[in-house]
Amino acid sequence: MADDDAVLVQRSLAGDEASMRFLVERYQGAVFGLCLRMLGQREDAEDVAQDSFLRAFRSLGGWDATRPFKPWILAIAANRCRTFLEKRAKLPLSASDAVASLAESATIESLGGVAEELNMALRLLREEYRTCFILFHQQELSCTQIGEIMGCPQGTIKTWLHRARKELASHLQRRGVAPHVEH
Amino acid sequence: MSNISCREFEGRLEEAVESRCALEPVLKAHASVCAACGALYDDYIRLEEAIPAWRAAVPAVDLAEAVLARWAFDARESQSVLQPLISMRPTASPVRKPAAWRNRIVWIAGAAALLILTTIIATPLRERGGNRPVADAPIQDYAIPVASTTDEALPSDPELSVLVRDAGSAYLDLANQAATAISGGTALLPSATLLADATPQSTSANRSWVGEFEKKLEPLSKDLGDALNFLLKAPPPEPAPST
């Protein structure tokens, strides 16, 4: 896959449109998934995911071919999401406020089950915790890779990950999500 | 019975999360006899049960067409902006009207020229006889004459004559710079002939701004001429204060 990526990148740098298309098709799921979980709205996520690919193409020459492509492009996407969220926070009534209000008032059934409940809870987290949780549990990156993406030590990433999990679990508990366990 | 401490339980639970491994039986055993650790264990299970459904809930998307279209659009746009500046030749762009950047350059050049001219004209007229006008090095090399209060005494002062002459030269230099700025601004624009070649329908509209711009500059040019004449013919009525 990495060799394959290197070839695609080289061809893309030479202006080969088909290779660019392959790169988008290969990583659009990961990039869009990150953007959707970070931003919470599909339209915003699509826009930012497209922006991320355009940014990546513009700086394709800066990619180190000895390293995997996925963390590199996810780092770009995470940065684009952060920029987008900063802009959105400046709006009079931010989407996160609306989400917070909705998350507290709606029932689990109306939200579409535990997955959507977790999604709502995720949007209430600090941005660093959310990014960390998404990259770990959705993108299945290691703490080391997440540290490289977020520019933080591995220890910090682990701390953020566990805090994110703790807050999410507390939210699920408050919302009546019960674990299926036997003590 | 479990034989691990609560601290160890928490550490091993976190390790299990980080390494994505299943929980060891000893952790479950400890959770069943310790209320605090049992709560942590429940949280762990609650989340682990929710994550798979959450992870699978991302809808499919196809971004390739949109990304490539935007990439092609950006490439065309960057060419349409850069090419005229490089080759001085207008480019007919399907995505952006050529008149947009041209008007922007005209207004920037005009604003710069007006600013320079206003500075040149307003300063000596407002401060006539007051502070020494701001100019480049030649003036600063001369000592400012002091304690002369009569107009009759000034022309006979050779040092002051030199000062006035050099001040006039400095103003002329500034005027030249202003003219250069205007020429520079207009040089960035494609000539009327080239415009006519590229966009036949826009010939008269594209030429008209030059005449309008000249008309706007006429009063300023007159004021500048008057100011220069005044400076070259007559010294300031009062000397500048000593610094």
Side-chain angles (χ1 to χ4, degrees), chain A residues 15 17 20-25 27-37 42 45-47 49-54 56-58 112-119 121-122 133-134 136-140 142-143 154 157-158 161-162 165-166 168-170 172-173 177-183, chain B residues 1-2 9-21 23 25 27-79:
Chain A
E17 197 174 295
M20 296 168 84
R21 182 185 297 274
F22 277 132
L23 276 175
V24 175
E25 287 171 351
Y27 293 105
Q28 64 187 359
V31 171
F32 175 69
L34 173 64
C35 295
L36 182 65
R37 292 310 187 205
R42 183 177 177 128
E46 285 190 14
D47 284 347
Q50 289 176 24
D51 280 344
S52 304
F53 278 110
L54 292 173
F57 286 152
R58 281 188 211 115
V114 71
E116 194 54 31
E117 186 71 34
L118 181 57
N119 211 24
L122 198 59
F133 184 89
I134 294 168
F136 187 85
H137 284 295
Q138 190 183 54
Q139 306 296 336
E140 298 190 322
S142 68
C143 289
Q154 192 181 351
I157 298 299
K158 287 180 179 176
L161 175 64
H162 293 301
R165 286 178 60 95
K166 191 173 180 182
L168 292 171
S170 299
L172 292 181
Q173 186 183 15
V177 177
H180 298 97
V181 291
E182 292 175 9
H183 290 302
Chain B
M1 282 297 291
S2 71
F9 173 89
E10 196 173 348
R12 287 166 79 165
L13 190 67
E14 289 182 353
E15 277 176 21
V17 171
E18 291 159 17
S19 59
R20 295 189 172 93
C21 292
L23 288 188
L27 296 179
K28 187 175 178 182
H30 178 80
S32 63
V33 295
C34 172
C37 293
L40 289 178
Y41 181 78
D42 286 353
D43 280 350
Y44 170 86
I45 298 295
R46 193 179 280 120
L47 210 47
E48 290 300 313
E49 287 175 348
I51 285 172
W54 167 80
R55 192 190 295 135
V58 176
V61 69
D62 185 6
L63 301 174
E65 285 301 328
V67 169
L68 292 175
R70 283 179 65 180
W71 178 254
F73 178 89
D74 287 353
R76 281 199 306 269
E77 189 170 358
S78 63
Q79 274 184 352

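Quick note on labels: first sequence line is chain A, next is B, and so on, each numbered from 1. Heavy-atom basis, side chains included; hydrogens, waters and symmetry copies ignored.
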Query - Straight-line distance of A:Gln139 CD to A:Phe133 CZ, nearest 0.5 Å - result: 12.5 Å
Query raised in the report: Roughly how far, to the nearest 0.5 Å, is CZ of A:Arg42 from CZ of A:Phe32?
Result: 4.5 Å
What residue, out of [options], has the most heavy-atom pairs lying under 4.5 Å from chain B?
options	result
A:Gln138, A:His162, A:Glu25	A:His162
A:Val31, A:Leu168, A:Val24	A:Val24
A:Ile134, A:Ile157, A:Leu161, A:Asp51	A:Asp51

Query raised in the report: Can you tell which of B:Glu48, B:Arg20, B:Glu65, B:Arg55 has the highest number of heavy-atom pairs within less than 4.5 Å of chain A?
Result: B:Arg20
Report task. Give the member of B:Ala60, B:Ser19, B:Pro59, B:Ala56 that has the highest number of heavy-atom pairs under 4.5 Å with chain A. Result -> B:Pro59
Contacting moiety of [X], where chain B heavy atoms sit under 4.5 Å:
X	result
A:Leu36	side chain
A:Leu122	side chain
A:His137	both
A:Arg58	both
A:Phe22	neither

Query raised in the report: At their closest point, which heavy atom of A:Gln154 faces which heavy atom of A:Cys143, and how far apart are they?
Result: CG-CB, 3.9 Å
Query raised in the report: For the residue pair B:Leu13 and B:Leu23, what are the closest heavy atoms and their distance?
Result: CD1-CD2, 3.4 Å
Query raised in the report: Relative to each other, are the rings of B:His30 and B:Phe9 parallel, tilted or perpendicular (30° and 60° limits)?
Result: tilted
Under 4.5 Å from any heavy atom of chain A, what part of [X] do you find: side chain, backbone, both or neither?
X	value
B:Asp62	both
B:Pro52	neither
B:Ala72	neither
B:Leu63	both

Query - Heavy-atom side-chain contact between A:Tyr27 and A:Phe53 under 4.5 Å - result: yes
Requested in this report: Could you tell me whether A:Arg165 and B:Asp43 have a side-chain N and a carboxylate O separated by less than 4.0 Å?
Outcome: no
Query raised in the report: Is a side-chain N or O of A:Arg21 found less than 3.5 angstrom from the main chain of B:Leu68, in a donor-acceptor match?
Result: no
Requested in this report: I would like to know whether A:Phe57 and A:Leu23 meet side chain to side chain contact (heavy atoms under 4.5 Å, CB included); could you show each step before the answer?
Outcome: CA-CA 10 Å; A:Phe57 286 152; A:Leu23 276 175; 4.2 Å; yes
